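The analysis underlying the following values was restricted to heavy atoms, covering all of them including side chains, and did not include hydrogens, waters or symmetry mates. Lettering follows sequence order; numbering is per chain, from 1. For clarity, every value in this text was computed on a predicted model and none was experimentally measured.
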There are 2 protein chains.
Amino acid sequence: MKSNKHPTNFPSADHDHRRCVASALDKAESYCAAQGVRLTKLRHRVLELIWASHRPVGAYDLLQQLTLEGHKAAPPTIYRSLDFLLNNGLIHRINSLNAYVGCEHPGLDHAAQFFICGACGQAAELDDARIESAIIGHAKRIGFTIERKTIEVSGTCANCQDQQRDRQG
Amino acid sequence: MKSNKHPTNFPSADHDHRRCVASALDKAESYCAAQGVRLTKLRHRVLELIWASHRPVGAYDLLQQLTLEGHKAAPPTIYRSLDFLLNNGLIHRINSLNAYVGCEHPGLDHAAQFFICGACGQAAELDDARIESAIIGHAKRIGFTIERKTIEVSGTCANCQDQQRDRQG
DNA sequence: ATAGCAAATGTTATAATATAACGTAACATA
DNA sequence: TATGTTACGTTATATTATAACATTTGCTAT
């Protein structure tokens with residue numbers, strides 16, 4: 001039995017990947033056009049690969065994909081694209097995994113908090129106001145000026161817990 | 001002028017390093033004795049070096065220190081000690097820096113949240129109940145079981161901001 | 001004390017992640 | 001189309017971390 005009792009940002013197993021990837025790429029194209037920055041073929045493809053995987057993916061995994069596609073790529077190729085995508089807020093880096101994941105709200109001001117499921121490998125991006133304000137509040141109290149935040153919570157998502165229960169009877 | 005208006009976990013510039021290191025090592029010794037695990041010479045020395053630096057320190061920095069001291073050390077030497085110290089809660093790993101820092105509350109159950117100053121390089125360990133409960137609350141709402149949390153906020157601490165202001169007049 | 005075992009460390013090699021430096025190609029625009 | 005800038009290709013190397021196996025150390029039971 002599949003539980004729907006929890007609202008979650010984890011994509012359901014049966015959602016339409018293709019539409020979801022296409023939509024992300026559309027948004028990215030609009031955003032880059034609006035900003036006057038160039039979402040080149042390579043950058044576009046890298047972003048597409050990241051979204052297609054639908055979970056945090058390593059730089060060298062991407063490199064391998066490109067190589068399989070006949071693109072003669074070396075590490076700098078991929079890291080430069082990743083830098084561009086990071087700088088333009090189109091992807092996030094998951095520090096605890098050394099991996100990269102598509103940003104769900106490119107162009108919008110948002111906190112990037114991640115719940116990462118070790119079972120399915122998926123990362124849900126949140127913008128929880130209470131987490132955000134608790135952090136900002138603490139920073140204010142100690143007079144700390146925030147530049148970057150890394151909020152990554154690892155564990156097991158509701159779907160995967162259900163599946164584990166199902167398997168065990 | 002030095003500001004004291006902010007309560008903070010950042011050690012003041014004039015605090016007594018030596019006492020602070022000694023105290024951390026004492027605690028570590030008691031803790032290991034109580035747990036029946038062995039804080040060997042090597043592990044003790046690694047922990048001492050981490051505390052002495054008083055900011056997050058990289059594995060290869062530690063390695064270099066040991067080498068300078070005449071210890072013929074290779075990477076596994078240091079990583080094994082780091083693993084031991086991590087597993088026993090005597091240090092934390094700062095994912096956003098690939099670096100290790102002494103734990104301020106070994107043996108106690110606590111959230112490990114870090115505010116990391118890019119200017120002085122120091123990392124303040126917090127246990128802010130509101131941050132913690134905001135995260136736990138969100139996890140509950142989405143049915144997520146938490147295993148590990150990485151909460152790292154980078155920026156500039158109050159002391160360093162004061163100093164920057166002083167320099168600029 | 002010492003034989004035997006487990007834990008810790010030494011040693012060599014290599015994996016995984018990331019960047020430096022410099023040359024070439026593509027693109028924008030005057 | 002000349003010109004400058006941005007992106008990309010290419011080679012080399014830096015940085016962080018682990019695998020695999022040999023040796024030593026220290027604990028425990030006799």
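- Taking every heavy atom of residues 112-119 of chain B and every atom of DNA chain D, no pair lies under 4.0 Å.
- When the C1' atom of D:dT16 is taken as reference, atom CG of B:Leu62 falls 13 Å away, rounded to whole Å.
- The side-chain hydrogen bond (donor to acceptor under 3.5 Å, both in side chains) check on B:Lys27 picks up nothing, with sequence neighbours excluded.
- If you take NZ on B:Lys149 and CD1 on B:Ile131, they are separated by 11.5 Å, rounding to the nearest 0.5 Å.
- Ring pair A:His138/A:Phe144: centre-to-centre distance not below 6.0 Å.
- In this structure, A:Leu82 places its CG atom 12 Å from P of D:dC8, rounding to the nearest Å.
- Under the 3.5 Å distance criterion, the side-chain polar atoms of B:Arg148 are left unmatched by any main-chain donor or acceptor of A:Val153.
- The side-chain hydrogen bond (donor to acceptor under 3.5 Å, both in side chains) analysis of residues 95-108 of chain B, with sequence neighbours excluded, yields the pairs B:Arg93-B:Asn95, B:Arg93-B:Asn98, B:Arg93-B:Tyr100, B:Asn95-B:Thr150, B:Ser96-B:Glu152.
- Applying the salt bridge (Lys or Arg N to Asp or Glu O under 4.0 Å) criterion to A:Arg165, with sequence neighbours excluded, gives A:Asp162.
- Sorted by first then second residue, the side-chain hydrogen bond (donor to acceptor under 3.5 Å, both in side chains) pairs that include residues 74-91 of chain A, not counting sequence neighbours, number zero.
- Not a single salt bridge (Lys or Arg N to Asp or Glu O under 4.0 Å) links B:Glu125 to another residue, sequence neighbours left out.
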Please convert DNA chain D into dot-bracket. A pair counts if it is Watson-Crick or G-U wobble with both distances under 3.5 Å; crossing pairs go in [ ] and bases paired with another strand get |. ||||||||||||||||||||||||||||||
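- Remark: B:Asp26 CG is packed, more than 12 non-hydrogen atoms of other residues, nucleotides or ligands lying under 6.0 Å away.
- Taking the side-chain hydrogen bond (donor to acceptor under 3.5 Å, both in side chains) definition, one finds that A:Ser30 meets it with nothing, sequence neighbours left out.
- We find that CG of A:Asn98 is positioned 16 Å from P of D:dT15, with the value rounded to whole Å.
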What protein N or O atoms touch nucleotides 4-7 of chain D N or O atoms at under 3.5 angstrom, if any, and at what distances?
unit_1: D:dA7; atom_1: OP1; unit_2: A:Arg43; atom_2: NH1; d: 3.2
unit_1: D:dA7; atom_1: OP1; unit_2: A:Arg43; atom_2: NH2; d: 3.4
unit_1: D:dA7; atom_1: O5'; unit_2: A:Arg43; atom_2: NH2; d: 3.3

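- Ion pair B:Arg141/A:Asp128 flagged as a salt bridge, since at least one NZ, NE, NH1 or NH2 atom sits closer than 4.0 Å to an Asp/Glu carboxylate oxygen.
- Every residue two or more places apart in sequence or in another chain was checked for a salt bridge (Lys or Arg N to Asp or Glu O under 4.0 Å) with B:Arg38, and none qualifies.
- Atom NZ of A:Lys41 is separated from atom C1' of C:dA25 by 14 Å (rounded to the nearest Å).
- Both geometric conditions, a ring-centre gap below 5.5 Å and a plane tilt below 30°, are fulfilled for A:Tyr60 over the base of C:dT17.
- For the contact set between residues 63-81 of chain A and DNA chain C, defined by any heavy atom under 4.0 Å, the members are A:Pro75, A:Pro76, A:Tyr79, A:Arg80.
- Distance, A:Leu97 CG to D:dT16 P: 19 Å, rounded to whole Å.
- Residue pairs meeting the side-chain hydrogen bond (donor to acceptor under 3.5 Å, both in side chains) criterion with at least one member in residues 39-53 of chain B, sequence neighbours excluded, are B:Glu29-B:His44, B:Arg45-B:Glu48, B:Arg45-B:Glu69.
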